[in-house]
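First the structure, in the form of structure tokens, and then the observations on it.
All residue numbers refer to positions in the sequence shown, counting from 1.
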Amino acid sequence: MRMHLLLLCCLLPFFLSAQRVLQLEKRSSAKTKKLFEGDELVYQVEGDDIWYEAVIEEIRADVGYLVLADRLVSIEKISAIKSFKDQKWSRSLSKQLYTFAGGWVVFGIADYFIFNQSLYRITPRLIAIPAVAALALGYTIRKIFDHKVYKMGRKFRLRLLDLDPVAAPNRA
């Protein structure tokens, strides 16, 4: 049984696909953003103002190219990458504004029920102020800051990594 397990552990790396990574690095920071084969990439090429969107089909770390659906792109030619993950501060601010709007409506209705004791005194102002001020503002902030652009150069750089232990060169 132990022999089978040892044999399996020795042969398993040969059957696994290699892990190749497109890594976005920030200068003087240990945090990186990793993109793998099959991930969607929104990028801009040097000297071009058009944003291209494609799925990474293959990462060729040995030659420094990305194989995309319709083209072959050198990472040295990529001038910017766009990420569509919400920025943390915009996400938390919009949630706080949504909570404020909900609280405004709940306490406004409670005020009319408790102190005025009349259902017909609920004014449109009770709904309009939180809807316009908080909900629209929270939604707008989240949509405006829903992406981040990483421009390659002094602050950011791209690197292709091949983490396949079999293809790694022997260092002796």
Is the CZ atom of Phe36 crowded by more than 12 outside heavy atoms at less than 6.0 Å?
yes
Is the backbone of Gln44 close enough, under 3.5 Å, to the side chain of Ser79 for a donor and an acceptor to pair up by distance?
yes
Holding to side chain to side chain contact (heavy atoms under 4.5 Å, CB included), I want the full list of residues that pass it with Lys151, two or more places apart in sequence or in another chain.
Ala80, Val149
Apply salt bridge (charged side-chain N to carboxylate O under 4.0 Å, His left out) to Asp62 and list each qualifying residue two or more places apart in sequence or on a separate chain.
Arg60
Can you name the residues that form a side chain to side chain contact (heavy atoms under 4.5 Å, CB included) with Phe100, not counting sequence neighbours?
Trp104, Ala134
So, for Leu35 and Glu40, which heavy atoms are closest and what is the spacing to 0.1 Å?
CD2-O, 4.4 Å
If every non-hydrogen atom of Ile59 is compared with every non-hydrogen atom of Leu22, which pair is closest and at what distance?
CD1-N, 3.6 Å
For Gly138 versus Tyr98, what's the shortest heavy-atom pair and its separation?
C-OH, 3.8 Å
Distance from Tyr65 atom OH to Arg71 atom CZ, nearest 0.5 Å?
13.5 Å
Kindly compute the distance separating CG (Leu137) from CG (Leu93), expressed to the nearest 0.5 Å.
7.0 Å
Can you check side chain to side chain contact (heavy atoms under 4.5 Å, CB included) on Leu24 and Met152, steps first, answer last?
CA-CA 9 Å; Leu24 176 67; Met152 302 305 125; 3.4 Å; yes
Following the transitive rule for hydrophobic clusters with a side-chain heavy-atom cut-off under 4.5 Å over Ile, Leu, Val, Met, Phe, Trp and Tyr, establish whether Leu72 and Ile50 coincide in one cluster.
no
Nearest 0.5 Å, please: how far is NZ in Lys26 from NZ in Lys31?
8.5 Å
Side chain to side chain contact (heavy atoms under 4.5 Å, CB included) with Thr140: which residues, sequence neighbours excluded?
Ile144
Heavy-atom pair of closest approach, residues Arg154 and Arg27:
O-CD, 3.4 Å
Path from Ile56 to Val21 over hydrophobic side-chain contacts below 4.5 Å:
no
Following the transitive rule for hydrophobic clusters with a side-chain heavy-atom cut-off under 4.5 Å over Ile, Leu, Val, Met, Phe, Trp and Tyr, establish whether Val42 and Leu158 coincide in one cluster.
no
Kindly write out the residues that satisfy side chain to side chain contact (heavy atoms under 4.5 Å, CB included) with Thr32, not counting sequence neighbours, or none if the list is empty.
Gln23, Glu25, Lys34
Which residue pairs satisfy the side chain to side chain donor-acceptor pair (under 3.5 Å) criterion with at least one member in residues 50-59, sequence neighbours excluded?
Asp48-Tyr52
